[in-house]
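When reading the values below, keep in mind they use all heavy atoms of this one structure, side chains included, and skip hydrogens, waters and symmetry mates. Quick caveat: nothing in here was measured; it's all calculated off a predicted structure. Every chain is numbered from 1, with letters handed out A, B, ... down the list of sequences.
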There are 2 protein chains.
Amino acid sequence: MSDASQKREESLDVIQRELTAFARRARSAAARLHPELPLVSYTLLAHIDEQHGCRAADLAAHYMLDKSTVSRQIGALEKLGMVERHPDPADHRIQVLRPTQAGTQALAATKASRRAAYRERLGEWTAHDLAQFARYLLRYNAAGDATAP
Amino acid sequence: MSDASQKREESLDVIQRELTAFARRARSAAARLHPELPLVSYTLLAHIDEQHGCRAADLAAHYMLDKSTVSRQIGALEKLGMVERHPDPADHRIQVLRPTQAGTQALAATKASRRAAYRERLGEWTAHDLAQFARYLLRYNAAGDATAP
DNA sequence: CATTTCCGTTGTACTATACAACTGAATATC
DNA sequence: GATATTCAGTTGTATAGTACAACGGAAATG
């Protein structure tokens with residue numbers, strides 16, 4: 001194996017290991033830091049908000065979740081008063097999901113507290129390094145959803 | 001807010017969002033690609049292997065898992081014949097965990113298949129970008145285990 | 001129409017996880 | 001040296017998140 005491709009392999013191994021380590025820790029850390037709005041709910045709620053309303057099937061597709069999982073998660077969010085289901089007049093099979101005011105607020109609060117945590121954690125980084133890291137992550141995630149990790 | 005710190009905030013948001021997206025997908029993708037050795041078991045087994053034997057408490061600390069969780073995971077790995085527990089003669093409280101031959105093999109196989117997936121996914125990247133990305137991930141993960149995401 | 005396909009719910013089961021209570025072993029304190 | 005404390009691991013119990021399968025109603029397609 002050439003020297004260059006040797007280096008590539010090493011980098012790949014590091015990326016694999018570190019991303020996996022991150023994934024392994026993400027949930028517990030999120031649960032600890034934001035008990036009021038669990039990671040999964042947060043993620044779904046954020047997506048609903050960004051899309052300005054969407055269907056359960058969209059969430060399932062986007063996050064590779066079973067529709068039953070999404071259905072229950074939405075149920076939980078509804079019980080918390082964070083989302084509302086609006087029947088679509090044009091197609092009675094569809095429910096359009098929208099964040100309630102409480103949902104929007106909770107989302108903003110969680111987003112702010114997460115941002116603060118990241119700001120602290122990455123406080124030593126230069127703006128250039130942050131921008132580079134963000135760019136790499138975007139590129140990585142865009143590279144095909146089905147291949148990780 | 002200054003222009004520079006505006007940029008910082010944007011990068012932080014991207015990093016937060018992309019890492020979260022990754023974490024959300026990691027489990028299902030791993031389960032799909034490697035049904036024979038689940039993500040958690042794989043991770044623990046890999047750590048045991050890299051450390052050339054370690055204690056359950058080390059695993060718990062490193063992955064921020066409860067010791068009961070580790071205990072059960074190790075139990076599962078043992079039942080699969082992938083790890084052995086060796087009592088430490090110097091301290092009878094301690095069990096040194098070691099991969100069995102079967103464990104080492106399964107680990108190698110899974111590692112190879114993951115590496116192949118990564119190689120394909122990141123095939124377009126230059127060696128330099130891979131190295132940079134790996135560096136950032138290492139730095140990120142080293143920056144304090146308790147703050148993410 | 002009849003069939004198929006789509007959207008969502010519900011029943012059931014499994015995995016990963018945490019917390020608490022416990023056992024046994026080593027260390028510290030008096 | 002006896003007692004108390006701390007440490008390593010197990011087990012009981014509970015919970016969250018998830019998948020798969022079976023279903024119901026609604027729409028699209030033949």
Side-chain angles (χ1 to χ4, degrees), chain A residues 20-21 23-45 48 53-80 83-97, chain B residues 20 23-45 47-48 53-80 83-98 146:
Chain A
T20 305
R24 284 289 286 94
R25 287 188 272 224
R27 191 203 294 222
S28 71
R32 224 176 335 99
L33 288 170
H34 314 286
E36 76 289 355
L37 190 58
L39 179 60
V40 176
S41 308
Y42 168 77
T43 311
L44 296 185
L45 186 54
I48 292 169
C54 71
R55 297 171 303 160
D58 298 337
L59 294 171
H62 191 256
Y63 292 107
M64 301 196 293
L65 294 170
D66 192 80
K67 54 191 180 162
S68 65
T69 302
V70 173
S71 174
R72 289 180 228 268
Q73 291 288 336
I74 299 302
L77 280 172
E78 191 184 32
K79 197 181 281 178
L80 288 169
V83 294
E84 285 169 351
R85 299 162 145 115
H86 291 93
D88 183 334
D91 186 337
H92 283 206
R93 295 173 301 182
I94 293 173
Q95 298 173 345
V96 179
L97 304 170
Chain B
T20 305
R24 283 292 286 97
R25 288 188 273 225
R27 192 204 295 224
S28 71
R32 225 176 334 100
L33 286 171
H34 313 286
E36 76 290 355
L37 189 57
L39 177 60
V40 175
S41 308
Y42 169 77
T43 311
L44 296 184
L45 185 54
H47 195 260
I48 293 169
C54 70
R55 298 170 302 161
D58 298 337
L59 295 170
H62 192 256
Y63 292 108
M64 300 197 297
L65 293 170
D66 193 78
K67 54 191 181 163
S68 65
T69 302
V70 173
S71 175
R72 288 180 228 269
Q73 291 289 335
I74 299 301
L77 280 172
E78 192 184 31
K79 196 180 284 180
L80 288 170
V83 294
E84 285 168 351
R85 298 161 145 116
H86 296 287
D88 183 332
D91 185 338
H92 284 205
R93 294 172 303 182
I94 293 173
Q95 297 174 344
V96 179
L97 305 170
R98 298 201 174 283

Enquirer: To the nearest Å, give me how far apart CZ (B:R85) and P (D:dA8) are.
Expert: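 Distance, rounded to whole Å: 16 Å.
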
Enquirer: Please report the interatomic distance NE2(B:H47) to CG(B:L59), rounded to the nearest 0.5 Å.
Expert: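 Rounded to the nearest 0.5 Å, the NE2-CG separation comes out at 6.5 Å.
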
Enquirer: Between the side-chain atoms of A:S71 and the base atoms of C:dC7, is any donor-acceptor pair under 3.5 Å?
Expert: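 Side chain to base: no pair below 3.5 Å.
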
Enquirer: Tell me the interatomic distance from A:Q73, atom CD, to C:dT9, atom C1', rounded to whole angstroms.
Expert: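 Checked: the CD to C1' distance equals 15 Å.
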
Enquirer: Does B:Q95 reach the side chain of B:D88, with side-chain heavy atoms less than 4.5 Å apart?
Expert: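 When only atoms from C-beta onward are counted, B:D88 and B:Q95 do not touch, as no gap falls below 4.5 Å.
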
Enquirer: State which of D:dT11, C:dA16, D:dT18 makes the closest approach to the side chain of A:L65.
Expert: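 Out of D:dT11, C:dA16, D:dT18, the nucleotide with an atom closest to A:L65's side chain is D:dT18.
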
Enquirer: Measure CG/B:L44 against P/C:dT15 and give the value in whole Å, please.
Expert: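 These atoms are roughly 16 Å apart.
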
Enquirer: Would you kindly give the NZ-to-P distance between B:K79 and D:dT10, to the nearest whole Å?
Expert: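 For the pair B:K79 NZ and D:dT10 P, the rounded distance is 13 Å.
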
Enquirer: Counting side-chain heavy atoms from C-beta on, which of C:dG8, D:dC20, C:dG24 comes nearest to B:R93?
Expert: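 Looking only at side-chain atoms, B:R93 lies closest to C:dG24.
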
Enquirer: Where each residue is assigned the nucleotide of DNA chain D containing its nearest heavy atom, which of A:K67 and A:S41 is assigned the position nearer the 5′ end?
Expert: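 With A:K67 and A:S41 compared, the 5'-side residue is A:S41.
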
Enquirer: Report the nucleotide, chosen from C:dA26, D:dA27, D:dC20, that has the shortest atom-to-atom distance to any side-chain atom of B:D91.
Expert: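 Given the options C:dA26, D:dA27, D:dC20, the side chain of B:D91 is closest to C:dA26.
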
Enquirer: Hey, could you give me the CD1/CD distance between A:I48 and A:E84, rounded to the nearest 0.5 Å?
Expert: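 Reported value, rounded in 0.5 Å steps: 11.0 Å.
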
Enquirer: Taking only N and O in the side chain of A:T69, is any of them less than 4.0 Å away from OP1 or OP2 of D:dA19?
Expert: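 Answer is yes, contact under 4.0 Å.
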
Enquirer: Looking at OG1 of B:T20 and OH of A:Y42, how far apart are the two atoms once the value is rounded to the nearest 0.5 Å?
Expert: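 If we round to the nearest 0.5 Å, B:T20:OG1 and A:Y42:OH are 6.5 Å apart.
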
Enquirer: Starting at NE2 of A:H92 and ending at P of D:dA27, how long is that distance when rounded to a whole Å?
Expert: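 Distance check: A:H92 NE2 to D:dA27 P gives 6 Å.
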
Enquirer: State which of C:dA26, D:dT18, C:dA18 makes the closest approach to the side chain of A:V40.
Expert: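 Looking only at heavy atoms from C-beta outward on A:V40, the closest nucleotide is D:dT18.
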
Enquirer: Side-chain donor or acceptor of B:R72 under 3.5 Å from a matching atom on the base of D:dT13?
Expert: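 Indeed there is one.
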
Enquirer: Nearest to the side chain of A:D66, which nucleotide is it out of D:dA27, D:dA19, D:dG9?
Expert: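 The listed nucleotide nearest to A:D66's side chain is D:dA19.
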
Enquirer: Taking OP1 and OP2 of D:dA19, is either one under 4.0 Å from a side-chain nitrogen or oxygen of A:S68?
Expert: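 Checking D:dA19 against A:S68, no side-chain N or O comes under 4.0 Å of OP1 or OP2.
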
Enquirer: Could you grab the distance from atom CG of A:L65 to atom CG of A:L44, nearest 0.5 Å is fine?
Expert: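 One finds 6.5 Å between CG of A:L65 and CG of A:L44.
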
Enquirer: What's the CD-P distance between A:E78 and C:dT9, to the nearest Å?
Expert: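 So the two atoms are 9 Å apart, to the nearest Å.
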
Enquirer: Tell me: CD1 of A:I74 to C1' of D:dT18, nearest whole Å?
Expert: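 So the two atoms are 15 Å apart, to the nearest Å.
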
Enquirer: The side chain of A:Q95 lies closest to which of these nucleotides: D:dT18, C:dT9, C:dA20?
Expert: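 That would be C:dT9.
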
Enquirer: Which part of the nucleic acid, if any, lies within reach of B:R55 when heavy atoms closer than 4.0 Å are counted: base, sugar-phosphate only, or nothing?
Expert: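 The residue B:R55 makes sugar-phosphate contact but no base contact.
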
Enquirer: Rounded to the Å, how far apart are A:L59 CG and D:dA19 P?
Expert: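 Between P of D:dA19 and CG of A:L59: 13 Å.
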
